Amino acid sequence: MLKVPHVTSYLTEHFAEDAFGTLAGYEKKGGYAAARKALTEMAPGDVIELVKASGLQGRGGAGFNTGLKWSFMPADSDVPKYLVCNADESEPGSFKDRILLERSPHQLLEGILIAAYAVGACTTFIYIRGEYSFPADQVERAVAEAYDQGHLGPNVLGSGFRHDVVVHRGAGAYICGEETGLLESLEGKKGQPRKKPPFPAQVGAFGMPTTVNNVETFCHVPYIVNRGAEWFRGFGTEASPGTTLFGVSGHVVKPGLFELPLGTPLSEIVFEHAGGIAGGRKVKGVIPGGMSMPILPAGQLDVPMANESLRERGTMLGTGGIMVMDETTCMVRVGCVISYFFRDESCGQCTQCREGTGWLNKIMNRIERGAGQSEDLGVLLDIAAKMEGQTICAFADAAAWPVQGLLRHFRADFEEHVRLGRCPFTASFEL
Ligand SMILES: Cc1cc2nc3c(=O)[nH]c(=O)nc-3n(C[C@H](O)[C@H](O)[C@H](O)COP(=O)(O)O)c2cc1C
Ligand code: SF4
């Protein structure tokens, strides 16, 4: 059974209706009207300006201004230009793109068409995480329907604009979500991130100018074109407009996907929308945006879920994947799980990342076993600091930040393991 998200706004409004996933059902709800409008009534530059004015920030993790990113594509180049839809979604705790791919593949295709027209791309590659076989099937089915009805191909919607879409299934590696690792993998090579510059807008897929955007980012675009930048800015905060999809997992009564305005307090999401902590227990910590984002302690859940506010608390929105942990949770075990993941997924090109992720994991495990020493806490922070900002891609930073967050807010858990020579959290999850 597909999970139907909690509906509070526009993006997921029709997700309870299975027909919304079909071309006919999507068009019945006004689908493809925005693409028609953009392709027949607007100049590509006007579409870019509109998206810039809306303030839409990329929903793939970094929160970069989408319209601005599109404007980096060379406007007058005569080489083929490409668009890439990043559907790799491998960040633990994040599952919003999966639901979008499954429930509304035409919403995604419409956003892609508008973006492709704006940047002058002839082809879009939708790169889908290898494990997402049902979502990939849904997208392939929608692409076939769109070709059948003339919504893709040589004369999109009768506008004279040509566009092709290629669905590419990955082989299941977290690093292929990093945009240049993705491009390498798309080209049939090992998924190892590229040094930048040059950035993809200059040298991207197959050496051509390329824009990479996240699935959810594309899905917001038709609504902006239909309803305008001001309407979009009516949701969220001044710096972070729009709604976003918060995927809530962990020790809550009602885990699920919730579409809410950016800036919604984390406490409202956890205690109202996700029903609070299961079993009547107390909350201990919450990871606000997928596993690579530093954890927040129970006392800081009043934070508005927007990058500008989360940064003030030493963390970020990331992918909006909220992982809730109750009072029984051992934060050293959490550190063991997180550091194991990053050790396993490092592509190995950079010494700080390849070696650093291994050391972090080794020391975390040692502390959890009861064999840690008090100096180990400083060593963990020292390794994490030396991994930050030193490497080809941000994976090493993403591996360092959670360790820093755990030690910033839950140092007492680590000290207690060292003092007792064992893990004191007998009711915590098993490793
Ligand atoms: C290690 C790593 C993994 C990433 N994984 C993803 C991913 O699975 N999906 C995604 O959209 N972006 C991911 N990103 C971000 C992309 O590099 C890129 O910024 C994003 O796709 C741009 O889209 P947006 O501007 O629409 O957010 C990842 C970045 C890093 C450093
Ligand atoms: S930081 Fe890590 S994942 Fe990124 S390129 Fe270097 S070794 Fe590979």
Side-chain angles (χ1 to χ4, degrees), residues 51 56-70 72 83-98 100-101 108 111-112 115 119 125-132 135 170 172-186 190-196 199-201 204 210-221 240 242 244-245 289-293 307 316-321 341-358 360 386-402:
V51 174
L56 173 65
Q57 299 170 333
R59 304 294 201 244
F64 195 80
N65 182 290
T66 304
L68 187 62
K69 182 186 271 191
W70 293 0
F72 296 154
L83 198 60
V84 169
C85 170
N86 191 341
D88 192 59
E89 192 169 61
S90 306
E91 176 81 9
S94 177
F95 50 91
K96 68 190 177 74
D97 294 340
R98 173 169 68 80
L100 288 168
L101 297 165
L108 171 63
I112 283 174
V119 302
F125 299 96
I126 305 180
Y127 186 100
I128 304 190
R129 170 183 177 162
E131 294 88 341
Y132 277 10
Y174 176 67
I175 198 56
C176 292
E178 194 280 340
E179 59 186 12
T180 60
L182 183 159
L183 295 176
E184 288 287 294
S185 167
L186 183 67
K190 249 198 240 178
Q192 291 189 316
R194 298 173 181 169
K195 281 190 199 145
K196 288 147 275 212
F199 291 95
T210 303
T211 293
V212 183
N213 278 126
N214 169 258
V215 170
E216 186 194 333
T217 310
F218 285 118
C219 289
H220 286 276
V221 171
S240 303
T244 199
L245 300 178
M291 207 175 75
S292 48
M293 295 302 135
N307 262 327
M316 280 183 292
L317 183 69
T319 57
F341 174 80
F342 284 108
R343 190 197 78 184
D344 209 43
E345 295 290 336
S346 167
C347 88
Q349 287 188 98
C350 317
T351 310
Q352 295 92 330
C353 177
R354 186 186 59 244
E355 302 301 321
T357 51
L360 290 178
K386 291 193 167 94
M387 289 166 68
E388 258 189 298
Q390 305 288 328
T391 51
I392 293 173
C393 85
F395 177 102
D397 306 72
W401 293 332

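Just follow the structure's listing: the first ligand is 1, and inside any ligand the first atom is 1. Hydrogens, waters and symmetry mates play no part in the numbers below; they use all other heavy atoms, side chains included. Every value quoted in this text rests on a predicted model; they were computed, and no experiment measured them.
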Aromatic ring pairing F72/F64, orientation class (parallel under 30°, perpendicular over 60°, tilted between)
tilted
Among T211, L183, I112, the one residue meeting side-chain contact (heavy atoms from CB on, under 4.5 Å) with V84
L183
Which residue and atom name correspond to the protein heavy atom nearest [atom], and how close is it?
| atom | result |
| --- | --- |
| atom 3 (C) of ligand 1 | E178 N, 3.6 Å |
| atom 10 (C) of ligand 1 | N86 ND2, 3.1 Å |
| atom 6 (C) of ligand 1 | G177 O, 3.3 Å |
| atom 18 (C) of ligand 1 | E179 OE1, 3.6 Å |

Ligand 1 versus S90: contacting region, heavy-atom distance under 4.0 Å
backbone
Should you measure from each heavy atom of [X], which atoms of ligand 1 turn up under 4.0 Å away?
| X | value |
| --- | --- |
| D88 | 8 (O) |
| R59 | 26 (O), 27 (O) |
| N213 | 23 (O), 24 (P), 25 (O), 26 (O) |
| A394 | 31 (C) |
| T217 | 24 (P), 26 (O) |
| G58 | 24 (P), 25 (O), 26 (O), 27 (O) |
| V212 | 21 (O), 22 (C), 23 (O) |

Would you call Y174 a ligand 1 contact, heavy-atom distance under 4.0 Å?
yes
Only residue of R129, E91, E345 satisfying side-chain hydrogen bond (donor to acceptor under 3.5 Å, both in side chains) with Y174 is E91
Heteroatom distance test (G60, ligand 1): nitrogen or oxygen, under 3.5 angstrom:
yes
Looking at ligand 1, does any of its N/O atoms fall within less than 3.5 Å of an N/O of N214?
yes
Should R194 and E184 count as an ion pair when the cut-off is N to O under 4.0 Å?
yes
NZ/K190: more than 12 non-hydrogen atoms of other groups inside 6.0 Å
no
Not counting sequence neighbours, which residues clear ring-ring contact (aromatic ring centres under 6.0 Å, His included) with Y132? List them please.
none
Ignoring water, what protein N, O or S atoms are under 2.8 Å from atom 4 (Fe) of ligand 2?
C393 SG
Just to verify, what does K69 make a side chain to side chain donor-acceptor pair (under 3.5 Å) with, not counting sequence neighbours?
none
Give every residue pair that meets the salt bridge (Lys or Arg N to Asp or Glu O under 4.0 Å) criterion with at least one member in residues 57-67, sequence neighbours excluded.
R59-E216
